[in-house]
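What follows is a short report on a single structure.
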Amino acid sequence: GQQLNQSPQSMFIQEGEDVSMNCTSSSIFNTWLWYKQDPGEGPVLLIALYKAGELTSNGRLTAQFGITRKDSFLNISASIPSDVGIYFCAGPRGGYQKVTFGIGTKLQVIP
Amino acid sequence: EAQVTQNPRYLITVTGKKLTVTCSQNMNHEYMSWYRQDPGLGLRQIYYSMNVEVTDKGDVPEGYKVSRKEKRNFPLILESPSPNQTSLYFCASSMTGGPGSPLHFGNGTRLTVT
């Protein structure tokens, strides 16, 4: 099936630093979603992108829908300890009932 | 409180012993889905349901069954569990399953099959 490649797979950063992660696909997606999974919990939607080139912010988070529709980026500014978790990109496909998730980027923030 | 509830949170069983993981949502959502999460593989979709009595396979359906007899419930059934089904399982629901309808996830069920 379609695959989403996320990078980096893990990262350690110092509190206060900015973070960037990305997601690429060999196929076109019409919607890009970014989820965060806190330790011991299920993923929660952070940002949804619906149009190529779209740039959307949610507090300190900013995500972009790539122009080619084959990639997306998530940036976190001024990281804090509660940013720790796994960040997943996801793309619905077909009739949107099937959703492909990336393997995730595990973020650790050093206070 | 709007939520997706999975039970149990933790389950240890033996190969071949049938088990059911329950999932219930109180948001009147039409769409429900099951995922498994494995290290290095992310979340993979097992089955989904667009509405009562409407279910379909996801990417990794082998060894699993589901049913949707009521809108709020979507149990995952493992008729004969095997060790390769040891994983973290998540149930999710959304209003319609459409692009503007975000998934709400439960807190997961960690299954170990020995």
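Chain identifiers are assigned alphabetically (A, B, ...) following the order of the sequence lines, protein sequences preceding nucleic acid strands; residue numbering begins at 1 within each chain.
Cluster annotation: A:Leu45 is connected to B:Phe105 through the hydrophobic network of ILVMFWY side chains, with a link wherever side-chain heavy atoms come within less than 4.5 Å. Cluster membership for B:Leu76 and B:Phe74, using ILVMFWY side-chain heavy atoms within less than 4.5 angstrom, is shared. Under the 4.5 Å side-chain contact rule for hydrophobic residues, B:Val60 and B:Met32 share a cluster.
A:Gln6 does not touch chain B: none of its heavy atoms, backbone or side chain, sits under 4.5 Å away. Heavy-atom distances place the side chain of B:Arg9, and not its backbone, under 4.5 Å from chain A. Interface remark: B:Gln37 contributes side-chain atoms only to the contact with chain A (heavy atom separation under 4.5 Å).
Summarising the geometry, atom OG1 belonging to A:Thr100 is positioned 11.0 Å from atom CG belonging to B:Leu43; distances are rounded to the nearest 0.5 Å. Atoms CZ and CZ, from B:Phe90 and A:Phe101 in turn, are 10.0 Å apart once rounded to the nearest 0.5 Å.
Listed here is the closest heavy atom pair of B:Tyr31 and A:Lys98: OH-N, 4.5 Å. What you find for B:Asn107 and A:Gly42 is that their closest heavy atoms are OD1-N, 3.6 Å.
By the neighbour-count criterion of 12 heavy atoms within 6.0 Å, atom NZ of A:Lys106 is sparsely surrounded, having that number or fewer from other residues, nucleotides or ligands. Counting non-hydrogen atoms of other residues, nucleotides and ligands closer than 6.0 Å to CD1 of A:Ile80 gives a total above 12. For B:Gln3, the CD atom counts as densely surrounded, since its 6.0 Å shell holds more than 12 non-hydrogen atoms of other residues, nucleotides or ligands. Enclosure of atom CZ in B:Arg44 by more than 12 non-hydrogen atoms of other residues, nucleotides or ligands within 6.0 angstrom is indicated.
A:Tyr35 contributes a side-chain N or O that, together with a main-chain N or O of B:Leu103, makes up a donor-acceptor pair within less than 3.5 Å.
Inter-residue side-chain proximity for B:Ser33 and A:Val99 is flagged as unmet; no heavy-atom pair is nearer than 4.5 Å.
Top candidate by heavy-atom pairs under 4.5 Å with chain A, chosen from B:Gly58, B:Pro102, B:Gly108, is B:Pro102.
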